[in-house]
Amino acid sequence: MRRLIREQIAELIKNGFKEAQTGGALPHFPIPEVTVERPRQPEYGDYSSPVCLRLAREAQMSPREIAARVLAHLPPAPYVGKAEVAGGGYINITLATDWLTSQVNAILEEGESFGNLEIGCGRRVQVEFVSANPTGPITVASARNAVIGDTLANLLAAAGYQVEREYYVNDAGSQVRKFGESLYARYLQALGRDEPFPEDGYHGHYVVEMAQQMAARYGDRYLSMPREEAVRALGNDGIAYVVEWIKRDLEALGVTFDVWFHERSLYESGLFDRVLHMLRERGYVVEYDDAVWFRHPDLESDAVIIRSPRIIPDPAERPTYFASDIAYVWNKLVERGFDQAIYVWGADHHGDVPRVKAAAKALGLDPARVVIILYQMVNLKRGGEDVRMSKRTGEFVTLRELLDEVGPDPIRFMLLTCTVDATIDFDLALAVEQSDKNPVYYVQYAHARIASILRYAAELGWEVEKPGDVSLLTHGSELALIRKMLDLQEIVALAATQLAPHHLTVYAKELATLFHAFYRDCRVVDAEQPELTQARLTLVRAARNVLARALHLMGMSAPERM
RNA sequence: GCCCCCGUGGCUCAGUCUGGACAGAGCAUUUGGUUGCGGACCAAAGGGUCGCAGGUUCGAAUCCUGCCGGGGGUACCA
């Protein structure tokens, strides 16, 4: 556990300013926030700050002169190798080589905890994701939700938050009823009855199979019930069945949840009524058109419907899904006391964002505690052709099919590769292909190659675990690799604060690239140079440590062989 | 109509929220590389008006405004 180097350098420069000012080398002016960036060109060093560029007027001297005086007063730090003025007044800092190499041991000591930070300060965060309707199998769109949510949860945990993962089971809405009716119809058909299938029902073949199983297991038990009761009972059974199904498929993708929260419990516990009462008292509830509405100044529309007897005739007063959202946000932030509730939603729900925020606000909660991540859609393709998907029509590619074809790691990596803001064209043909177009193998190959080197060394009798003298690591490729390894912390900080898991994929590819370059330039196992070999074996082990951590943060495996 | 997302080399995408020094990868193309630890690798080359037009700034792919193109949403579906 450690502080980011970038932050330490920013502070260092700030102290340089202070020293220069108190020493009279610089006039007194408010020191601005010191921005520190990573320059692209290696000759500009590891870290660079342009802060002096905009101070010419206030300091009454050129940016270069300011920078020079700050540097003259820069406090010493073990990690600073070279600090110099460059260009029009940049402060460029190069890390000290001996410090860099010493980090190899530090990384090994930290093990799987390398990359962990404390920026979360132990705050409790809930990540609620997937939450697909339990009326059918998980599709590719939900798979994107799953990998984003799961990776985000991993990142937040690494960043020092206390994280809980939750799946919200929609078992109270009208879709559930529709599902029950579909099952009922198929059930009767399975028993040989001539039952018409509801027009807007679930047409997928899986409904037929489920109904057949139920008919086989329960016989005509549901036949003796009143229709309404049978529909409800079958719907509940069906949902329980599908939830287990979803759970298995997500597990196969490497995604598990701490809590499976049932929408229905919001009503059964009486919470919804209490929350509705609170809103009513605060004046956010209006009634007209035979319905109950939520009204709030933040909403563009006049009001959002909370419940109406028209949505579901039985039970007559069944609320809308938004009603559930109101009670749910209270449950998250108050009853369970999360500091922050993160929702992972498909972009087609973006219109609901202001409502949930407004609901939180109306309940007296800080809407900033509600964080909604919208990810764009996944267009499924097969060889360039669009594949249409809808659970209702029964035409879709399930996550299970995809897992059988591709396996979890490529799915995770591909769905994680671009920002949540970009639409993904997921080509099934490409996903299956184990080629250069599929960078997941490139990254994992680097790990397998590391494992192979260590196996090879062990076979030759090297003490692989014995710490080497890391000060012997002076080759440019070795130092470049170490630098990239240290970056993992920056990436965790960036991805966790931006809630942008895709940074991990970029990082993993870069790390793999630098390892492959190191492998090319530096022979690890060399009987004629035992000291160097021992040092390089140490570096290789540290590299494996970092690469494995990056892969694990993405929920992927770090294979020993491929 | 209104709201959200996208528009960066032939293709797929980073970089935009936190403005900085000649705009980065991968794929594809061309040309090379190991009598050594896995060639699922490495290196080099060509290829870009960062959708368009204004504006802010010492400085804009990045911020602001308008426009164009693509996708999604638009309240008794969830």
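As the structure is a computational prediction, the values presented were derived from the model and not from experiment. Throughout, a chain's letter reflects where its sequence line sits, starting with A, and its residues are numbered from 1.
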Legend entry - Closest listed nucleotide, where the reference is the side chain of A/Asp348 and the choices are B/rC76, B/rG38, B/rG72: B/rG72
Inset, instruction - Output yes when A/Asp487 and A/Arg38 qualify as a salt bridge under the 4.0 Å nitrogen-oxygen rule, no when they do not. - result: yes
Legend entry - B/rC22 - base-pair partner by Watson-Crick or wobble geometry, distances under 3.5 Å: none
Inset, instruction - Give one of base, sugar-phosphate or nothing for A/Asp352, where a contact means two heavy atoms less than 4.0 Å apart. - result: base
Legend entry - Summary of protein contacts for nucleotides 2-9 of chain B, nucleotide by nucleotide, where a base hit scores B, a sugar-phosphate-only hit scores S (4.0 Å, heavy atoms): SBSSS---
Inset, instruction - Taking only the side-chain heavy atoms of A/Asn92 (C-beta and beyond), determine which of B/rG39, B/rA14, B/rA21 contains the nearest atom. - result: B/rA21
Legend entry - Under-4.0 Å side-chain N/O to phosphate OP1/OP2 contact, A/Tyr202 with B/rC77: no
Inset, instruction - Identify the nucleotide, in any strand shown, that forms a Watson-Crick or G-U wobble pair with B/rC63, with both distances under 3.5 Å; if there is none, say none. - result: B/rG55
Legend entry - Donor/acceptor link under 3.5 angstrom from A/Thr505 side chain onto base of B/rA14: no
Inset, instruction - Record whether the side chain of A/Tyr441 comes under 3.5 Å of the base of B/rA40 through a donor-acceptor pair of N or O atoms. - result: no
Inset, instruction - Keeping to residues at least two apart or across chains, list the salt bridge (charged side-chain N to carboxylate O under 4.0 Å, His left out) pairs with something in residues 441-466 of chain A. - result: A/Glu465-A/Arg541
Legend entry - Note: A/Arg3-A/Glu11 ion pair, threshold 4.0 Å (strictly below): yes
Inset, instruction - Using a 4.0 Å heavy-atom cut-off, write out nucleotides 22-31 of chain B from 5' to 3' as B (base contacted by protein), S (sugar-phosphate only) or - (no contact). - result: BSS-SS----
Inset, instruction - Output every pair passing salt bridge (charged side-chain N to carboxylate O under 4.0 Å, His left out) with a member in residues 492-508 of chain A, not counting sequence neighbours, ordered by first then second residue. - result: none
Legend entry - Watson-Crick or G-U wobble mate for B/rG1, both contacts under 3.5 Å: B/rU74
Legend entry - Sugar-phosphate only, base, or nothing, as touched by A/Val506 at under 4.0 Å among non-hydrogen atoms: sugar-phosphate
Inset, instruction - Could you tell me how the ring of A/Tyr206 sits relative to the ring of A/Trp245: parallel (under 30°), tilted (30 to 60°) or perpendicular (over 60°)? - result: perpendicular
Legend entry - Listed partners of A/Val353 passing side-chain contact (heavy atoms from CB on, under 4.5 Å), at least two apart: A/Trp345, A/Lys357, A/Ile372, A/Leu374
Legend entry - Touch class at under 4.0 angstrom, heavy-atom based, for A/Ala56 against every strand present: nothing
Legend entry - Nucleotide of B/rA40, B/rC58, B/rU18 approaching A/Tyr445 most closely (side-chain heavy atoms): B/rA40
Inset, instruction - Using the test side-chain hydrogen bond (donor to acceptor under 3.5 Å, both in side chains), find all partners of A/Lys14 that sit at least two apart in sequence or belong to another chain. - result: none
Legend entry - Pair A/Lys178 + A/Asp200: basic N to acidic O under 4.0 Å: yes
Legend entry - Integer angstrom distance from the P of B/rG72 to that of B/rU57: 40 Å
Inset, instruction - Return the nearest nucleotide to the side chain of A/Cys418; candidates are B/rA43, B/rA14, B/rC76. - result: B/rA14
Inset, instruction - Looking at every strand, decide which applies to A/Thr35 at a 4.0 Å heavy-atom threshold: base, sugar-phosphate, or nothing. - result: nothing
Legend entry - B/rC37 OP1/OP2 closer than 4.0 Å to side-chain N/O of A/Arg449: no
Legend entry - N or O in side chain of A/Tyr519 less than 4.0 angstrom from B/rU34 OP1/OP2: no
Inset, instruction - Measure from the side-chain heavy atoms of A/His503 and tell me the nearest of B/rG15, B/rC37, B/rC76. - result: B/rG15
Legend entry - Ring center gap for A/His203 and A/Phe197 short of 6.0 angstrom: yes
Legend entry - Side-chain ion pair, A/Arg523 and A/Asp526, N-O less than 4.0 Å: no
